[in-house]
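These notes are about the structure you will find just below.
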Amino acid sequence: MTLIMFLYYVMTAYVVGMLIWNFIKTKDIESEILYTLALLPLILRLLRMK
Amino acid sequence: MMRKLIIAGVLTLIVLAGGIPLYVQRYFKEEVVAGPSVTNVFKLSKYFDGIEGTIADTDVFELKGAEEGGKTLLIAGTHANEPSATLLAYFFIENLEVEKGTVYIIPHFNLSGSLGTQPGGGFPLYYFLETPWGEQKFRMGDRGFQALDQWPDPDVYVHYPDGQLLSYIDARNTNRSWPGRPDGYLAEKVSFAAMEMIRNEGIDVVIDLHEAEAMYPVTNCIVAPEKSMPYAVGAAFYVKGREKFENHVESSPTGYRGLSHREIGDWSDAYPFLLESPGVHLDQITAAKTPELIIDGIDPFVLKAGEKGLLFVPYDENGFSMDRRVGQHSSVIQEILSQWTKKNPDRGFKVSAPKHADIVENGLGFYLKDPSEADSKMVYLQ
């Protein structure tokens, strides 16, 4: 894994963390669903599934 | 709180339902039985240790005849969504008889690409081939390196060494990465390793196997640069005359860089060829991209396009089956080597394997060996 690729994984993990934090904090159901949808591809990448 | 738990639970289910099949496919191994002509199997990193231990490294099968002669390299799996190439490689590994010369075969040149399909394109994860001993299962791959293995993509892919600007997606395309470089993208590294092999082994003939859409003009053909042209024309002429199928010749453009049929010839003494067989599953207009479509090549919308004169291949309700595509590859490869041998007898070849008519009549599966019946030392996982 190159350094740049590693940094992209770090950035992905950071964004996932922020999305989960926002998901927990929000009280708006539309925002909860939106955060969930945004999380999906990022989690698949972090888990190295796709 | 309960609502958040339900939404998180749904997300987890979607991740697992969508992700696990992809994960399983990535680790699914195809089996090939080394035939009597296989004399050695080694890694491509033998020629460039910069890919050793990476996903870019891949197996090379050596089939060396008793008599000294020329050397040829058959590259399959450059685009892993063009499966007749890899199936031809397996068919040759198991069936090709080599009396003179040496044949090197790489079944998965872009191994990473073979480890994941194109879900966005609606392609299946696997396709299946009927054999006398049961159904054999193969991974359906993607055109380029998986983004899992080569990430991120650049905004624009700058070809090395020409500097031509190409689409960002071609940074992962092992047919835009030639001649490669030792410190570039993984796709460039694997091409560089192959170039090192070609130069160090003194390979005479390189044949890169592909499939193309029926609606794309560069299909059902041999692509060749200037120096390979006489052999390509001879092969096209003879398969038409002897075996009664069309396989026209296309000239390799000088102004479009990174392609195997251009760069290999320019950066080594080898004579490159690129073979395209018609894989209608690649056409955008087809119905569902099913495993059956990949194997039988029958599609009503492609047929309709044919009726309107929009295709570049002869096409009817019988489709363009895998048997025909692999059969064409087999015949054209053998004819190119025959043409080469006529003009270069000291660096010639004497090879044989069932050709187009045999494969169409008996089916490709008839020729594939049962790994469960073979000596386990001869079974290679790909």
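- Rounded to the nearest 0.5 Å, atoms CD (B/Q150) and CE (A/M5) are 8.5 Å apart.
- Heavy-atom distances place the backbone of A/I24, and not its side chain, under 4.5 Å from chain B.
- Inter-residue side-chain proximity for A/R48 and B/L22 is flagged as unmet; no heavy-atom pair is nearer than 4.5 Å.
- For a residue to count as touching a neighbouring chain, one of its non-hydrogen atoms must lie under 4.5 Å from one of that chain's; by this rule A/Y9 touches chain B with backbone and side chain alike.
- Going from atom CD of B/Q25 over to atom NZ of A/K50 covers 7.0 Å, rounded to the nearest 0.5 Å.
- The environment of B/Y216 atom OH is sparse: at most 12 non-hydrogen atoms of other residues, nucleotides or ligands sit within 6.0 angstrom.
- With rounding to the nearest 0.5 Å, the separation of CE in A/M1 from CG in B/L186 is 11.0 Å.
- Distance alone, capped at 3.5 Å, places no donor-acceptor pair between the B/R26 side chain and the A/M49 backbone.
- Distance check: A/I4 CD1 to B/W151 CH2 gives 12.0 Å after rounding to the nearest 0.5 Å.
- When the shell of 6.0 Å around OH of A/Y8 is examined, it contains 12 or fewer heavy atoms from other residues, nucleotides or ligands.
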Criterion side chain to side chain contact (heavy atoms under 4.5 Å, CB included) on A/L47 and B/V15, from CA distance to verdict: CA-CA 10 Å; A/L47 297 175; B/V15 166; 4.2 Å; yes
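- Taking OG1 of A/T2 as the reference point, atom OH of B/Y185 lies at 10.0 Å (rounded to 0.5 Å).
- With a 4.5 Å cut-off on non-hydrogen atoms, B/T12 does not touch chain A at all.
- Atom CG of B/D155 is surrounded by 12 or fewer heavy atoms from other residues, nucleotides or ligands within 6.0 Å.
- Heavy atoms from other residues, nucleotides or ligands lying under 6.0 Å from CD of B/E135 number more than 12.
- No more than 12 heavy atoms of other residues, nucleotides or ligands shown are found within 6.0 angstrom of OH on B/Y23.
- Exactly one of B/I7, B/L11, B/V10 qualifies for a side-chain contact (heavy atoms from CB on, under 4.5 Å) with A/I33. That residue is B/I7.
- Listed options A/I20, A/T26, A/L7 were ranked by heavy-atom pairs under 4.5 angstrom with chain B; first place goes to A/T26.
- A donor-acceptor pair is defined here as one N or O able to donate and one able to accept, closer than 3.5 Å; no such pair exists between the side chain of B/K4 and the backbone of A/K25.
- For A/I43, the part lying under 4.5 angstrom from a heavy atom of chain B is the side chain only.
- Partners of B/K43 according to the salt bridge (Lys or Arg N to Asp or Glu O under 4.0 Å) rule, which considers only residues two or more places apart in sequence or in another chain, are B/D59.
- Taking CD1 of B/I6 as the start and CD of A/E32 as the end, the distance is 10.5 Å to the nearest 0.5 Å.
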